[in-house]
Amino acid sequence: MNMPLKSQTRRQFLKSSSSVALFIGVSGILPQLVSCKNRKKLQETINKQRLTAWVELAEDGHVTIYNPAAEMGQGSMTSLPVLFAEEMDADWSLVKVAFSPQESAIYGSDGWGPNGKVMLSAGSRITFGYYSIMRKAGAQARYILLYSVAKKWNVPITELSTENGIVIHEKENKSIGYGAIVPFLEIPEQLPEFTEDQLKSPASFRLVGKDLERTEIPEKVNGKAKFAIDLKLPDMVYGVLERGKVHGAKPIIKNEEEILALDGVLKVVPFEYAIGVVATTLSKALAAKKQLEIEWGKAIASGFNSQEAYGAYEKIADQNKNGQVLTEIGNTKSAFRSAAKTYTADFKNDYVYHAQMEPLNAMVKVMEDKQSAEVWVGSQQGFDSKLGVPQHLGIPPEHVNINLQYLGGGFGRRSMTDFVLECTSLAATMPGIPVKLLWTREDDVTYGAFRPLTLQRLRASTDTNGKITGFSHIVVGDGGNLVASGIKNEHYDIANQYAEWREVSQGIRLKHWRAVGHGPNKFAIECMLDEIAHDQGIDPVELRRRLMSKSPRALATLEKAVAMSKWNEPSIAGRAKGMAFLERSGSLGTGVCEISLDTKTGKIKVHHFWNAVDAGVIVQPDNVKAQMEGGILMGISSVLYEQITIVDGAVQQSNFNDYQILRMQDIPETVETEMIASSEHPQGVGESGTPLVACAIANAFLKLTGKPLRHLPFTPERVLQVLQA
Amino acid sequence: MPTYSLNINNKVHKIDVDQGTSLLWVLREHLQLTGTKYGCGIAQCGACTIHVNGSPQRACVLTVDGFADGQKITTIEGLSEAGDHPVQKAWIKAQAPQCGYCQSGQIMQAVALLNENPKPDRDQILSYMNGNLCRCGTYMRILKAIQLASENPPSVS
Ligand code: FES
Ligand code: FES
């Protein structure tokens, strides 16, 4: 599969001369067809109307499809174009893929919520959000081809069909390749709006649901794939920032003169929370950063000790003062009053760091007149698709061009724009000159934006038959939806449910981290269920079967995982299996893992992980497996090793020597995924694996030892403490 | 500023940089051999793995001054002309990369492994690859790719 190596900016797009661009309007806007040869007309068209430009068709038959999403390893460079190609009936071997320009009015999806169109690759929402958009646009592209041929051959359009990049007129035994249509392409007055029922049914998909090699993989094995960190422009200079170990602490620079006098240093730029240095080379910038003498002021986080926070959080959970109610079904209070038995347990969860392998970076050029800017960045994009740069510079959005690059990992961290705006600030001091900002790994860890530390207090009640009658979940922590996501149990039939968030703020920077609150919340919920099953002496599968009686899709994943893992067959001595169910980004999944334990060291080993997922239509099956594998491995990593600690407000970790992530020697023997066949609208899979892991491991541990693990991560020291308790 | 000559991918490059400059920055920022990545700078992640006379090394902890004897440096760009080294082919077959950022380093480490030991067993692979981090969690497929490649061992150069 070949593909342009870098994103095509709109300008490059206009420059292509041997092809035409099809601007296919959605939402009732008339389609336009403009030859790229006539650049003036094309420019006028773009300026005049808001159009979408999803595809470019060349006379040689090559089709370039524009991907509106970020590519961070989740496979958007294949999965979204495939949807378009499916409906266009394009010859996949002639398809190239390029990033679309970052213009949310044109390329945005309304699949995220009611706030209009956005370009955002987060929450595992892109396949969900673009499934209809890409297919409808592809169907329109195909219609234009049919329409043009019908006119040319003077035959009714209904007599024409398409097959793999060819228009066919069966009656007269004639056919023509898509590329050959280019010279006489004609746009109908009105382009039909296709509805779902006019599109192909999943049963007739030719590309969707098949395993196609991912388009961008060849350049990811030869070193040619460009990440923002790899870019270099003539005259480019380098920027770095020294930020405090205490988030938000204000700096006073003590040796500015000295730094400015250093070889290669061009600027010293003060920030509210950092001191920036611009220098001619990266080495010189880094050397200057090391020599900065800074006095740090106090911040909200000063004095905060993360490992002592749990005591205070417990007190907050004890209080009668309610926080924000997130779920209230039935009446848990009366359920608890009339219960035959009640259960209470606290679950804890330390801060974790994204650790995307490409440290944050960006390149920005603010033009000499300061009225426009070019940005090169790996971003999960943002609500205005311009990443806040126009507001930051006080210039109109159309004066900012974002050149999206591959992301060396996102996991939520690159849906923040702090690094982009830092680079913009540095570039604003160097008009006309591109500035590349690099965060060192130490910067990336220390000034991270973590998954929040939380305490979950769970209470459950059962009746005399052991049936769960009430379930209450109070989460104490900072970050709103960051701690609230995943707290609901929509697939469990429990008559009385309650969930609440109690806010407490520590001034620590926080952000969405793969699967967000689902990690900690599902950990607490699923472990609570197993603790109840354990207490009642029943099989955790049986307990969940009962709870899922009204959710057949959930139950199907459970039964599949039971079968895959041979749940009913005992593990070999020293091993045990544990399970967890969850919904995330619309997908349902059940995971089972098998672990063993070194009782001397406290080290847990995961041997196998099986999971069954119902994610609706599966666009790229092997890629779904890859996402589940990656998600589960990242889950194992976070659950067994990862921990950011704060002492007197200061982040204690700084690099991969003290922030451990999973290494290859600790991978399981197998990770198996099966997908439930479905023709429902596709849902997200990028985050469905990760939050299964904590609860599956803890539940296996409970079976193995009879003891609950209730504090993430399950470091060997903690495991030993639990064993000795 | 001193001039250094480095033998990289069978070509001699002359570069003027300060003494002590990191080889990683020389490769990436001066020579635009950006397939070799920066991940940690302290030999903890393997993203910067290159070969020096065939043995895998972390470029981030080497400095430009250490190559006066014309040691042969190989980067991912020098592994094959067309991206078709047997290990690269196996990587595509296994659809190993996700974000791709760690993969140059993984591949360079794997090539070194297979040159030393054309038929490694699972434990030998895991142990040899243990210094190369992948945050996307592609380890299962890296393992598979190495096993695929070891069935068609690359000719030792
Ligand atoms: S950058 Fe060299 S080992 Fe991480
Ligand atoms: S593929 Fe993303 S870090 Fe390895």
Side-chain angles (χ1 to χ4, degrees), chain A residues 71-75 211 213-214 216-227 229-232 238 281-284 354-359 406-411 438 440-442 622-623 626-627 629-637 655-657 661-665 667-668 670-671, chain B residues 17-18 20-22 25 28-30 32-42 44-45 47 75-77 79-80 82-85 87-89 91-93 95-104 107 122-123 125-143:
Chain A
E71 175 59 86
M72 49 191 156
Q74 87 281 37
D211 280 327
E213 286 190 350
R214 272 174 43 205
E216 94 290 12
I217 280 188
E219 56 177 335
K220 286 181 173 175
V221 304
N222 66 14
K224 298 217 168 76
K226 288 282 184 245
F227 300 83
I229 201 169
D230 300 329
L231 302 179
K232 187 168 186 178
Y238 295 82
T281 70
L282 181 55
S283 306
K284 291 189 199 316
H354 294 90
Q356 77 293 337
M357 283 305 295
E358 180 194 13
Y406 289 135
L407 283 67
F411 313 118
L438 177 72
T440 63
R441 177 59 63 189
E442 288 80 5
D622 185 58
N623 191 40
Q627 284 302 300
E629 282 164 23
I632 284 162
L633 262 50
M634 187 162 167
I636 294 174
S637 180
N655 206 320
F656 291 123
N657 56 334
I661 67 173
L662 181 77
R663 290 181 179 275
M664 205 150 162
Q665 277 183 319
I667 63 172
T670 59
V671 176
Chain B
V17 286
D18 289 332
T21 302
S22 146
W25 301 144
R28 290 180 49 78
E29 305 298 337
H30 295 268
Q32 258 83 77
L33 292 168
T34 53
T36 307
K37 301 300 188 203
Y38 164 68
C40 70
I42 57 166
Q44 288 287 315
C45 77
T75 69
I76 185 80
E77 291 88 351
L79 195 58
S80 64
D84 56 357
H85 185 283
V87 172
Q88 288 169 313
K89 288 211 285 221
W91 239 252
I92 293 173
K93 187 120 197 277
Q95 294 282 288
Q98 288 190 22
C99 84
Y101 194 77
C102 72
Q103 300 291 343
S104 301
I107 290 170
R122 187 178 189 274
D123 284 347
I125 294 173
L126 300 192
S127 138
Y128 201 93
M129 299 301 293
N130 207 43
N132 288 69
L133 293 175
C134 175
R135 182 50 151 178
C136 297
T138 67
Y139 297 130
M140 308 305 292
R141 287 170 188 244
I142 289 174
L143 173 63

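The sequence lines fix the lettering, A, B, ..., with proteins before strands; numbering per chain opens at 1. Quick caveat, the model's predicted, so the values are computed rather than measured. No hydrogens, no waters, no symmetry mates; every other heavy atom, side chains included, goes into these values.
- Among Q32(B), H30(B), E77(B), the residue making the largest number of heavy-atom pairs under 4.5 Å with chain A is Q32(B).
- Residue contact with chain A, scored on non-hydrogen atoms closer than 4.5 Å, involves the backbone of N132(B) exclusively.
- Looking at L407(A), the atoms closer than 4.5 Å to chain B (heavy atoms on both sides) all sit in the backbone: N, CA, C or O.
- Between the CD1 atom of I92(B) and the CD atom of E213(A) there is a distance of 6.5 Å, given to the nearest 0.5 Å.
- With rounding to the nearest 0.5 Å, the separation of CH2 in W25(B) from CG in L282(A) is 5.0 Å.
- For Q95(B), the parts lying under 4.5 angstrom from a heavy atom of chain A are both the backbone and the side chain.
- Minimum heavy-atom separation, N222(A) to I76(B): C-CG1, 3.8 Å.
- Listed options T21(B), I42(B), I107(B) were ranked by heavy-atom pairs under 4.5 angstrom with chain A; first place goes to I42(B).
- Residue Q356(A) touches chain B through its backbone alone, counting heavy-atom pairs closer than 4.5 Å.
- Listed options L633(A), L231(A), N623(A) were ranked by heavy-atom pairs under 4.5 angstrom with chain B; first place goes to L633(A).
- Residue C136(B) comes nearest to F411(A) through the heavy atom pair SG-CZ, 3.9 Å, listed as atom of the first residue, atom of the second, then distance.
- Between Y101(B) and G408(A), the closest heavy-atom pair is CB-CA, 3.8 Å.
- Contacts between I636(A) and chain B at a heavy-atom distance below 4.5 Å are absent for every atom of the residue.
- For Y38(B), the parts lying under 4.5 angstrom from a heavy atom of chain A are both the backbone and the side chain.
- In this structure, chain B has heavy atoms under 4.5 Å from both the backbone and the side chain of D622(A).
- Side chain of K224(A) to backbone of G35(B): no donor-acceptor contact under 3.5 angstrom is found.
- Between Q44(B) and N657(A), the side chains place no donor N or O within less than 3.5 Å of an acceptor N or O (distance only, hydrogens not considered).
- For L143(B), the parts sitting under 4.5 Å from any heavy atom of chain A are the backbone and the side chain alike.
- Each of C40(B), A82(B), C45(B), G83(B) has some count of heavy-atom pairs under 4.5 Å with chain A, and the biggest count is that of C40(B).
- Here L126(B) contributes atom CG and R663(A) contributes atom CZ; the two are 13.0 Å apart, rounded to the nearest 0.5 Å.
- Closest non-hydrogen pair, Q88(B) versus V221(A), comes out as NE2-O, 2.8 Å.
- Not one N or O on the side chain of Y406(A) forms a donor-acceptor pair closer than 3.5 Å with the backbone of G100(B).
- In this structure, SG on C99(B) lies 8.0 Å from CD on E358(A), to the nearest 0.5 angstrom.
- Using a 4.5 Å heavy-atom cutoff, the side chains of R135(B) and M634(A) are in contact.
- Note: K37(B) leads K37(B), K93(B), K89(B) in heavy-atom pairs under 4.5 Å with chain A.
- Across G39(B) and P359(A), no two heavy atoms sit closer than the pair O-CG, 4.2 Å.
- Within the 3.5 Å criterion, the main-chain N or O of K220(A) finds no donor-acceptor partner in the side chain of Q103(B).
- With a 4.5 Å cut-off on side-chain heavy atoms, Q627(A) and Q98(B) count as touching.
- In terms of heavy-atom pairs under 4.5 angstrom with chain A, the leader among M129(B), R28(B), R141(B) is R141(B).
- Neither the backbone nor the side chain of L79(B) comes within less than 4.5 Å of any heavy atom in chain A.
- Side-chain contact between K284(A) and D18(B) is present, with heavy atoms from C-beta onward closer than 4.5 Å.
- Interface residue M72(A): only backbone heavy atoms are found under 4.5 Å from chain B.
- Under a 3.5 Å cut-off, the side chain of E29(B) and the backbone N or O of T281(A) do not form any donor-acceptor pair.
- Rounding to the nearest 0.5 angstrom, the gap separating the CE atom in M664(A) from the CG atom in N130(B) is 9.0 Å.
- Residue contact with chain B, scored on non-hydrogen atoms closer than 4.5 Å, involves the backbone of T670(A) exclusively.
- Contacts with chain A were tallied for Y128(B), Y139(B), W91(B); Y139(B) has the most, counting heavy-atom pairs under 4.5 Å.
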